[in-house]
Amino acid sequence: MTTAEEYYQQGNAYRKQERWQDAINCYLQAIELDADSPAVEAKRMLDDILAFYHKDTYNP
């Protein structure tokens, strides 16, 4: 059985490889097992990064 910490660490590894969806899935698994996991903050930060929109980047 995989622990919340293992899911969190795997999510971090995926994040470093820019495999965003895999990272989010691992963070969600970690949060499901432990609501106080550091994956909560990691997922929030990843959501913020992926939701970032800079209008000048898209409208040069």
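In this text the structure is predicted, and so the values were computed from the model without any measurement.
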| request: Look up atom CD in Gln9 and atom OG1 in Thr3, then write down how far apart they are to the nearest 0.5 Å. | output: 9.0 Å
| query | What are the two closest heavy atoms between Ala4 and Ala30, and how far apart are they? | reply | O-CB, 3.4 Å
| task | Show which residues join Trp20 in its hydrophobic cluster (side-chain heavy-atom contacts under 4.5 Å, direct or indirect), or state none. | result | Tyr8, Ile24, Tyr27, Leu28, Leu46, Leu50
| field | Under 4.5 Å side-chain linkage, directly or through intermediates, the cluster mates of Ile31 | value | Val40
| said: Under 3.5 Å, is there a donor on one side chain and an acceptor on the other for Gln10 and Glu6? | reply: no
| request: Taking all non-hydrogen atoms of both residues into account, name the closest pair between Gly11 and Ala23 and its distance. | output: O-CB, 3.4 Å
| Any donor-acceptor N or O pair under 3.5 Å, side chains Asn25, Gln21 | yes
